[in-house]
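Below is one structure; the comments refer to it alone.
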Amino acid sequence: MISVEKIIKIKNLYKSYGKGSVKNEVLKDIDLNINEGEFVSIMGKSGSGKSTLLNIIATIEKPDKGQIEIDGNNIEKLSLKKANDFRRKYLGFIFQDFKLIESMNVKENIAVPLLLKNEKPNTINQKIDNILKKLNIEYLKDKNSYEISGGEKQRVACARALIGNPKIILADEPTGALDSNSAENLMNLIKDINKKFNTTVLLVTHDKNVAEYGDRIITIKDGEIEG
Ligand SMILES: Nc1ncnc2c1ncn2[C@@H]1O[C@H](COP(=O)(O)OP(=O)(O)OP(=O)(O)O)[C@@H](O)[C@H]1O
């Protein structure tokens with residue numbers, strides 16, 4: 001039998017905001033294992049803690065309690081510097097509002113993760129050309145970020161998320177700002193990336209149709225994983 005590596009292991013995870021009578025227990029005793037190459041969709045009502053869970057995995061938020069192991073690294077107690085290095089090495093991000101830098105063109109936006117890693121200009125140019133080709137968006141290369149459509153912006157954001165070769169993509173409501181056609185194109189692209197490169201995907205969404213692109217859907221309710 002082929003053994004599948006668990007790339008994310010979360011055990012007894014707790015997170016709350018506030019104190020005393022205003023304490024808001026957002027995540028309670030979350031246990032979650034995700035296999036390498038798996039595409040997992042996270043659903044749940046507004047305020048149920050989906051983004052909090054994603055942000056903890058992204059090392060942007062710290063849990064109150066619990067263990068989180070990603071590809072063998074215990075990330076819950078990383079220093080700021082180590083957390084930054086970890087994010088650059090392992091994670092690619094896609095957000096609802098794209099988070100492109102409007103003053104930079106498409107190519108420059110895609111280069112950002114590599115500039116942060118101090119890669120050489122020649123390597124950066126080569127990697128940009130490769131990723132634009134893979135995602136079929138070579139025609140956008142020299143455009144300004146403010147002159148392209150929402151769907152195109154999200155494809156550029158995918159290129160930026162992928163350029164550093166991350167093992168895991170974290171996507172928070174990536175289709176939230178897109179019309180249904182662009183949303184479908186984007187989800188096909190994310191699914192393609194997941195299958196072609198065996199990139200693990202964790203995607204938060206309100207939309208059942210979007211969630212169904214995943215291999216597995218988990219639902220958070222009252223701070224716990226339902227079912
Ligand atoms: N930095 C923070 N400080 C205080 N409370 C917070 C903070 N971040 C989130 N919360 C609270 O934690 C709860 C969960 O928020 P979270 O954003 O994780 O929910 P969500 O399921 O992603 O919601 P939505 O679908 O509306 O984006 C909410 O009650 C929210 O108000």
Side-chain angles (χ1 to χ4, degrees), residues 8-34 38-70 75-84 86-87 90-100 150-151 153-154 157-158 160-161 166 168-180 182-184 186-187 190 194 200-227:
I8 301 178
K9 293 186 206 170
I10 299 176
K11 210 165 160 48
N12 303 124
L13 177 72
Y14 287 81
K15 175 72 182 175
S16 57
Y17 293 107
K19 278 192 181 136
S21 60
V22 288
K23 187 165 174 181
N24 179 6
E25 289 195 305
V26 178
L27 300 173
K28 296 178 236 170
D29 201 11
I30 298 276
D31 284 340
L32 177 64
N33 287 319
I34 294 172
E38 199 177 10
F39 181 160
V40 175
S41 301
I42 304 171
M43 295 196 77
K45 285 195 189 135
S46 180
S48 60
K50 303 180 294 295
S51 298
T52 303
L53 178 61
L54 213 67
N55 288 340
I56 290 174
I57 294 168
T59 68
I60 292 164
E61 297 257 10
K62 280 210 186 328
D64 300 339
K65 247 189 351 195
Q67 294 89 51
I68 306 153
E69 198 182 301
I70 300 186
I75 61 148
E76 70 274 7
K77 292 187 188 97
L78 290 181
S79 66
L80 207 61
K81 156 119 190 26
K82 289 223 163 105
N84 282 339
F86 170 83
R87 277 200 294 278
Y90 285 93
L91 308 178
F93 293 90
I94 307 172
F95 304 95
Q96 173 167 356
D97 58 358
F98 326 123
K99 297 208 191 296
L100 296 185
K153 281 184 183 162
Q154 205 53 307
C158 279
R160 181 188 55 193
I168 303 169
I169 287 192
L170 301 177
D172 199 350
E173 296 280 3
T175 59
L178 303 181
D179 61 69
S180 58
S182 306
E184 196 182 325
L186 178 76
M187 289 315 300
I190 294 177
N194 163 249
T200 307
V201 178
L202 246 77
L203 178 142
V204 164
T205 182
H206 279 110
D207 185 333
K208 190 91 179 35
N209 290 327
V210 169
E212 276 167 358
Y213 282 83
D215 305 314
R216 177 158 60 116
I217 300 176
I218 62 169
T219 306
I220 302 181
K221 195 181 169 202
D222 301 327
E224 295 172 77
I225 293 176
E226 210 177 30

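Just so we're clear, the structure is a prediction, and the values are computed from it rather than from any experiment. Ligands are counted one by one from 1 in listed order, and the atoms in each one are counted from 1 as well.
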Any side-chain heavy atom of [X] sitting closer than 4.5 Å to one from [Y]?
X    : Y    : value
N209 : E184 : no
T205 : E173 : yes
F93  : D172 : no
L203 : P174 : yes
Y17  : E61  : yes

Does any N or O atom in V26 lie less than 3.5 angstrom from one in ligand 1, N or O only?
-> no

If only atom types and distance count, is the side chain of T175 paired as donor or acceptor with the main-chain N or O of L178 below 3.5 Å?
->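 Pair absent, no side-chain N/O of T175 close to backbone of L178.
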
For the side chain of D64 and the backbone of S16, is there at least one donor-acceptor N/O pair under 3.5 Å apart?
-> yes

Just heavy atoms, cut-off under 4.0 Å: does N24 contact ligand 1 by side chain, backbone, both, or neither?
-> side chain

May I ask you to identify, for T52, whether its side chain, its backbone, both or neither come under 4.0 Å of ligand 1 on a heavy-atom basis?
->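 T52 to ligand 1: contacts from backbone and side chain alike.
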
Roughly how far, to the nearest 0.5 Å, is CD of E212 from CE of M43?
-> 8.5 Å

Looking at CD1 of I68 and CD1 of I75, how far apart are the two atoms once the value is rounded to the nearest 0.5 Å?
-> 4.5 Å

Has S48 got any heavy atom lying under 4.0 angstrom from an atom of ligand 1?
->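 The answer is yes: ligand 1 sits under 4.0 Å from a heavy atom of S48.
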
Using protein heavy atoms only, decide if any is under 4.0 Å from atom 29 (O) of ligand 1.
-> yes

For atom 9 (C) of ligand 1, is the nearest protein heavy atom under 4.0 Å away?
->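 Within 4.0 Å of atom 9 (C) of ligand 1, protein heavy atoms are found.
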
What's the shortest distance from [atom] to any protein heavy atom, and which residue and atom give it?
atom                    : answer
atom 23 (O) of ligand 1 : G47 N, 2.8 Å
atom 26 (O) of ligand 1 : S46 OG, 2.6 Å
atom 27 (O) of ligand 1 : S51 OG, 4.0 Å
atom 2 (C) of ligand 1  : Y17 CE2, 3.4 Å

G49, G176, G223, S16: member with heavy atom nearest to atom 19 (O) of ligand 1 | G49

Could you check which of K15, K50, E173 puts a non-hydrogen atom nearest to atom 21 (O) of ligand 1?
-> K50

Using a strict 4.0 Å cut-off to heavy atoms of K45, name the atoms of ligand 1 that fall inside it.
->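 Matching atoms, with element in brackets: 21 (O).
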
Would you mind running through ligand 1 and noting each atom that sits below 4.0 Å from a heavy atom of H206?
-> 25 (O)

